[in-house]
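Heavy-atom basis, side chains included; hydrogens, waters and symmetry copies ignored. Just so it is clear, the structure is predicted and the values come from calculations on it, not from any experiment.
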Amino acid sequence: MAAFLTFDHVDAGYGAVKILKDLSFQVEEGSILGVIGPNGCGKTTMFNALIGLIIPTEGHIKFDGRDITKLPPNKRSRMGLGRTYQVPRPFENMTVFENVLTAAVQGGGENERTGAKTARDALELTGLLPKADVRAGELTLLDRKRLEIARALGTEPTLILLDEVAAGLIDSEIKDIMALVRSLKDERGLTVIWIEHVIETMVHSTDVLMCMSDGHELLIGDPLEVMHSKQVEEVYLGAAEEGEEAV
């Protein structure tokens, strides 16, 4: 079976600063790939390269059988790439429903009628349908995280990128997010790439785990085996104690 997403020896960065260095990995359709690594290792840059905010200087990115290395972000979105951001920034004066409808129309290219159905479906899956008429600025942090996922779902992705959607939540809320992420796969059949520093989420809610280091993949495989690897303990856990700056 061909991989749904492939990074093939990708170099990328910002101007003369190279962050990704010969990054190669594959993601199977319908799976959840967790991504960990010390701050500054290139996780966010990998997402930026995947959605088209930066263009690799070397290598190729293939998605659903097509080379997307040089495609602009809007075309990638219409192909089925959706993304959340670590810090939710909804339109606070708009309702929850209006936020997701905007994503469906502007990001997904739907008309208002079909976009409204897409928005309702996204809100139902994320548990926000009862709060559809609440202004986004009034939501708790957990519900803002849910809305961030719902807005990504509004573009009807086949691959959704989650950027630290559990960050800042308490234990019970983290479990709610873990269940929601699993439902993206189990109920929607989506492929998921999830960057997270909450180790519990990476061990118990992913199918495959990749640890990045210095812009490349250090180790990829079974989540428990990766987390218990001596390499990962030295590079990831050791660096986390040092408190590096994120990139």
Could you tabulate the donor-acceptor pairs under 3.5 Å formed by side-chain atoms of residues 162-169, not counting sequence neighbours?
residue	atom	partner	partner atom	Å
Glu164	OE1	Gln86	NE2	3.4

How long is the gap from [atom1] on [X] to [atom2] on [Y], to the nearest 0.5 Å?
{"X": "Leu101", "Y": "Met94", "atom1": "CG", "atom2": "CE", "result": "7.5 Å"}
{"X": "Leu147", "Y": "Asn99", "atom1": "CG", "atom2": "CG", "result": "5.0 Å"}
{"X": "Ile68", "Y": "Leu5", "atom1": "CD1", "atom2": "CG", "result": "7.0 Å"}
{"X": "Thr126", "Y": "Asp143", "atom1": "OG1", "atom2": "CG", "result": "9.0 Å"}
{"X": "Ile51", "Y": "Leu81", "atom1": "CD1", "atom2": "CG", "result": "8.5 Å"}
{"X": "Met46", "Y": "Ile54", "atom1": "CE", "atom2": "CD1", "result": "11.0 Å"}

Smallest separation among heavy atoms of [X] and [Y], with atom names:
{"X": "Gly30", "Y": "Asp207", "answer": "O-OD2, 4.5 Å"}
{"X": "Val226", "Y": "Cys211", "answer": "CG1-CB, 4.3 Å"}
{"X": "Ala132", "Y": "Leu123", "answer": "CB-CD1, 4.0 Å"}
{"X": "Glu110", "Y": "Glu156", "answer": "OE2-OE1, 2.9 Å"}
{"X": "Gly154", "Y": "Ala122", "answer": "N-CB, 4.5 Å"}
{"X": "Gly82", "Y": "Pro157", "answer": "N-CB, 3.6 Å"}

I'd like to know if [Y] and [X] are part of one continuous hydrophobic network [Ile/Leu/Val/Met/Phe/Trp/Tyr, side-chain heavy atoms within less than 4.5 Å].
{"X": "Ile195", "Y": "Met202", "value": "no"}
{"X": "Ile32", "Y": "Ile160", "value": "yes"}
{"X": "Met79", "Y": "Val192", "value": "no"}
{"X": "Leu50", "Y": "Val208", "value": "yes"}
{"X": "Val232", "Y": "Ile220", "value": "no"}

Salt bridge (charged side-chain N to carboxylate O under 4.0 Å, His left out) contacts touching residues 53-68 (sequence neighbours left out):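 Output for this query is empty, none listed.
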Any pair counted as salt bridge (charged side-chain N to carboxylate O under 4.0 Å, His left out), so long as it reaches residues 117-126, sequence neighbours left out: Lys117-Asp121
Side chain proximity check, Ile193 to Met210, heavy atoms < 4.5 angstrom: no
Any side-chain heavy-atom pair of Leu125 and Ser183 under 4.5 Å: yes
Residue pair Ser77 / Asn74, side-chain donor-acceptor N/O under 3.5 Å: no
Contacts of Phe25 that satisfy ring-ring contact (aromatic ring centres under 6.0 Å, His included) - sequence neighbours left out: Phe7
Contacts of [X] that satisfy side-chain contact (heavy atoms from CB on, under 4.5 Å) - sequence neighbours left out:
{"X": "Asp186", "value": "Arg182"}
{"X": "Pro88", "value": "Pro90, Arg144, Lys145, Glu148"}
{"X": "Lys175", "value": "Glu200"}
{"X": "Asp22", "value": "His9, Asp11"}

What residue pairs, at least two apart or across chains, pass ring-ring contact (aromatic ring centres under 6.0 Å, His included) with a residue in [range]?
{"range": "residues 42-76", "result": "Phe4-Phe63"}
{"range": "residues 78-109", "result": "none"}
{"range": "residues 140-179", "result": "none"}

Working for side chain to side chain contact (heavy atoms under 4.5 Å, CB included), residues Leu23 and Met212: CA-CA 9 Å; Leu23 177 62; Met212 292 182 62; 4.2 Å; yes
Worked verdict on Leu142 versus Ile170 for side chain to side chain contact (heavy atoms under 4.5 Å, CB included): CA-CA 9 Å; Leu142 174 59; Ile170 63 175; over 6 Å; no
Taking [X] for the side chain and [Y] for the main chain, is one N or O donor matched with an acceptor at less than 3.5 Å?
{"X": "Thr69", "Y": "Ile61", "result": "yes"}
{"X": "Ser31", "Y": "Val27", "result": "no"}
{"X": "Arg76", "Y": "Leu71", "result": "yes"}
{"X": "Lys43", "Y": "Gly37", "result": "yes"}
{"X": "Thr6", "Y": "Asp8", "result": "no"}
{"X": "Arg78", "Y": "Gly107", "result": "yes"}
{"X": "Thr95", "Y": "Arg135", "result": "no"}

Test log, rule side chain to side chain contact (heavy atoms under 4.5 Å, CB included), inputs Leu190 and Lys185: CA-CA 5 Å; Leu190 299 183; Lys185 170 188 172 179; 5.9 Å; no
Audit row: Leu184, Leu153, side chain to side chain contact (heavy atoms under 4.5 Å, CB included) steps and yes/no: CA-CA 9 Å; Leu184 299 179; Leu153 290 174; 4.0 Å; yes
Side chain to side chain donor-acceptor pair (under 3.5 Å): pairs with one or both residues in residues 216-225, sequence neighbours excluded: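 Checked against side chain to side chain donor-acceptor pair (under 3.5 Å) - neighbours excluded - no pair reaches residues 216-225.
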Flag if over 12 foreign heavy atoms under 6.0 Å of CG, Asn111: yes
Matching residue for Leu209 among Val203, Ile36, Leu219, Val35 - test: side chain to side chain contact (heavy atoms under 4.5 Å, CB included):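 With Leu209 as partner, Val203, Ile36, Leu219, Val35 yield a single side chain to side chain contact (heavy atoms under 4.5 Å, CB included), made by Ile36.
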